[in-house]
Amino acid sequence: MTQEVRVRYAPSPTGHLHIGGARTALFNYLYARHHDGKFIVRIEDTDTARNIETGIESQLDNLKWLGIEHDESVDVGGDYGPYRQMERLDIYKGYADEMLEKGLAFKCFCTAEELEAERESQKAAGIAAPQYSGTCRNLTAEDVKEREDAGKSYTIRAKVPADVTYKFDDLVRGPISFESKDVGDWVMVKTNGIPTYNFAVVIDDHLMKITHVFRGEEHLSNTPRQQMIYDAFGWGHPTYGHMTLIINEDRKKLSKRDESIIQFISQYRELGYIPEALFNFFALLGWSPEGEEEIFSKEELIKIFDANRLSKSPSMFDKQKLTWMNNQYIKQMPLEEVVELAVPHLQKAGKLPETMDAEQQDWAQRLVALYHDQLSFGAEITELSEQFFTDDLHYGEEEKEVLAGEQVPEVMASFKEQLESLEAFEPAEIKAAIKAVQKATGHKGKNLFMPIRVVTTGQTHGPELPDAIALLGKDKTIARVAQYASA
């Protein structure tokens, strides 16, 4: 490519970074980095009623946490600012005035009530997609002045040309076309002087020299309106790529009200997910590399990213795959980092004190080490390790079935004797004690280990048994064996 690639992610500060927005940002970022281009974050904050105070900060912070670094934005500046639309209103006004002067746009004085009545009338007449009827399209200059002098408010509408076919070659979907007759004269500037999305986005993309636009397929129908503005000024169009929908496991379009899936990046962050794992997962949500490999570093993804491999089919958000992938990343982390990831969740749950002495820190590290390979995300440690923080075990059906074995009383009586005689309560000594029970009772394999595991931990599965028992401590372990004996 001879022209420098410039792409953008343009969030509204109306909420926190959503998984759909994160994927859009990521694909733009990967494309830019693959082609040694620039990734811009532009803030579309014209919906002032819905903006939240921390919206911009949250978007930028969570993008950076994911590893999606931008080259230009409100926080780092750049040569094409301002990077907030509300700081660009004079720019939009200049271009809107130019379109009015050229007769490519017009002032519309229709009230909201009149427009609603018009829509309802068209619906009643069987028109499936009501359009503005053009009431103010051909007002004379005198008509306009008369209404303005009377203090009537107005919007500015684009004057949609007749019999024009808008075509473009979408990077994901291939050739696409729209007919101008299907697009009514649409509002470019609202009565308060703030531009609508389809007008402002073109002005911004052109002035910021955006070359490629990757966005969700819900924006597909916006493209002809935007092409009208490009054509009005004689500007070249960017190359578009409309990514497919993200769907849930029921194959329904993902909705922000869908409680079956965690929706926001900040929530994954709070739960102790790994940013590199999310980066990897989102990269495969609507794009596929060659081969069967699924675990990639950021650098590898940048190197192999090919927009031609963006999927034409909806992308299913596979929660199990994300959990598996995050676990793969945690497995590769040094234990010290996993401890930093997991322990705050135990402290938040009241399982561990906020301030720990050296002995408590050592115990916490040993606890996390037991679950290092099993842990799927940081907060999961509280559920996995519950057995270490309770004085009253409750057996499920599977555990009760184990304890119903006729050999269990003999095994547990022998194990209690061995425990009470231990001076050093460490994994090696506990392992030897279990071996001694096998020798004394003649029971081995599942008949030996399963009753001991269930009685001491309350579970039929878990980490290495001698390690778990050592971490429980001698007093708690003997108390649990005694609890079983007295049941």
Side-chain angles (χ1 to χ4, degrees), residues 16-17 19 22 54 57-58 61-67 259 261-279 281 319 322-394 396 425-427 430 453 456-459 461-480 483:
H16 302 295
L17 181 59
I19 53 181
T54 59
E57 180 185 354
S58 174
D61 181 51
N62 282 297
L63 284 173
K64 291 175 186 175
W65 179 77
L66 280 172
E259 296 182 358
I261 291 175
I262 300 171
Q263 298 277 330
F264 297 97
I265 300 304
S266 57
Q267 293 173 292
Y268 287 102
R269 197 171 172 178
E270 290 165 5
L271 286 169
Y273 277 77
I274 309 302
E276 293 83 0
L278 288 169
F279 190 103
F281 177 78
K319 294 179 292 183
L322 174 56
T323 299
W324 168 81
M325 187 171 285
N326 207 64
N327 171 255
Q328 299 303 303
Y329 277 82
I330 289 178
K331 283 180 180 179
Q332 300 304 315
M333 291 170 61
L335 175 60
E336 293 75 17
E337 293 182 17
V338 183
V339 170
E340 290 178 10
L341 183 74
V343 165
H345 295 283
L346 291 168
Q347 292 171 319
K348 183 179 179 180
K351 308 292 186 182
L352 293 175
E354 291 294 323
T355 304
M356 297 186 290
D357 58 29
E359 184 177 348
Q360 290 169 320
Q361 290 176 13
D362 177 68
W363 188 88
Q365 178 163 315
R366 289 167 61 199
L367 175 68
V368 174
L370 284 181
Y371 296 100
H372 188 165
D373 287 347
Q374 185 181 350
L375 197 64
S376 296
F377 54 94
E380 191 181 31
I381 191 68
T382 58
E383 180 182 348
L384 290 175
S385 64
E386 178 60 29
Q387 59 178 294
F388 293 95
F389 300 100
T390 181
D391 293 324
D392 189 17
L393 296 180
H394 297 281
F425 206 75
E426 296 298 333
I430 294 167
R453 180 180 289 281
T456 57
T457 70
Q459 301 171 352
H461 306 283
E464 285 293 321
L465 187 56
D467 293 332
I469 291 173
L471 200 61
L472 278 168
K474 187 173 183 177
D475 292 344
K476 181 170 281 192
T477 303
I478 291 175
R480 287 183 176 180
Q483 179 186 345

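All residue numbers in this chain count up from 1 along the given sequence.
- Atoms CD and OG1, on E386 and T457 in that order, are 12.5 Å from each other to the nearest 0.5 Å.
- Open room surrounds CD on E57; 12 or fewer heavy atoms of other groups in view lie less than 6.0 Å from it.
- Other residues, nucleotides and ligands contribute over 12 non-hydrogen atoms within 6.0 Å of the NZ atom of K331.
- The shortest distance between side-chain heavy atoms of D467 and P427 falls below 4.5 Å.
- The distance from atom CD1 of I330 to atom CE of M325, rounded to the nearest 0.5 Å, is 13.0 Å.
- With H372 contributing its side chain and M333 its backbone, the two residues share a donor-acceptor pair below 3.5 Å.
- Taken to the nearest 0.5 Å, the CD1 atom of I265 stands 12.5 Å off from the NE2 atom of H16.
- Looking only at side-chain heavy atoms (C-beta outward), L465 and T456 come within less than 4.5 Å of each other.
- Panel note: side chain S58, backbone T54; no donor-acceptor pair is recorded below 3.5 Å.
- Within 6.0 Å of CG on D475 lie no more than 12 heavy atoms contributed by other residues, nucleotides or ligands.
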Extract all donor-acceptor atom pairs below 3.5 Å that involve side chains of residues 268-279 and protein atoms in other chains or at least two apart in sequence.
unit_1: Y268; atom_1: OH; unit_2: I262; atom_2: O; d: 2.9
unit_1: R269; atom_1: NH1; unit_2: D61; atom_2: OD2; d: 2.8
unit_1: R269; atom_1: NH1; unit_2: N62; atom_2: OD1; d: 3.1

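- The structure places CG of L341 at 13.0 Å from CD of E336, a figure rounded to the nearest 0.5 Å.
- Summarising the geometry of T390 relative to K476, their closest heavy-atom pair is O-NZ, 3.7 Å, with the distance given to 0.1 Å.
- Using a 4.5 Å heavy-atom threshold, the side chains of P353 and Q360 count as touching.
- Separation of atoms CE (M356) and CD (Q361) is listed at 5.5 Å; rounding is to 0.5 Å.
- Residue pairs satisfying the ring-ring contact (aromatic ring centres under 6.0 Å, His included) criterion with at least one member in residues 330-362, sequence neighbours excluded, are absent.
- Contact annotation: the side chain of T477 never approaches that of I430 to less than 4.5 Å [non-hydrogen atoms, C-beta and beyond].
- Contact check for L346 versus F388: no side-chain heavy atoms found under the 4.5 Å cut-off.
- Across every non-hydrogen atom of L66 and A22, the tightest pair is CD1-CB, 4.0 Å.
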Do F389 and L367 pass the side chain to side chain contact (heavy atoms under 4.5 Å, CB included) test, and can you show the C-alpha distance, the side-chain angles, and the key distance before you say yes or no?
CA-CA 11 Å; F389 300 100; L367 175 68; 3.8 Å; yes

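- Interatomic distance, CG of L375 versus CG of N326, reported as 8.5 Å (0.5 Å rounding).
- At a threshold of 4.5 Å between non-hydrogen side-chain atoms, the residues R480 and L472 count as touching.
- Using a 4.5 Å heavy-atom threshold, the side chains of Y371 and V338 count as separate.
- Taking both residues in full, the closest heavy atoms of Q347 and E354 are given as NE2-O, 3.2 Å, listed atom of the first, atom of the second, then distance.
- The minimum heavy-atom distance between V339 and P344, with the atom names listed, is O-CD, 4.0 Å.
- The nearest pair of heavy atoms linking E464 to R453 is C-NH2, 4.3 Å.
- Using a 4.5 Å heavy-atom cutoff, the side chains of Q328 and W324 are in contact.
- Between I261 and I19, the shortest heavy-atom contact is CG2-CD1, 4.1 Å.
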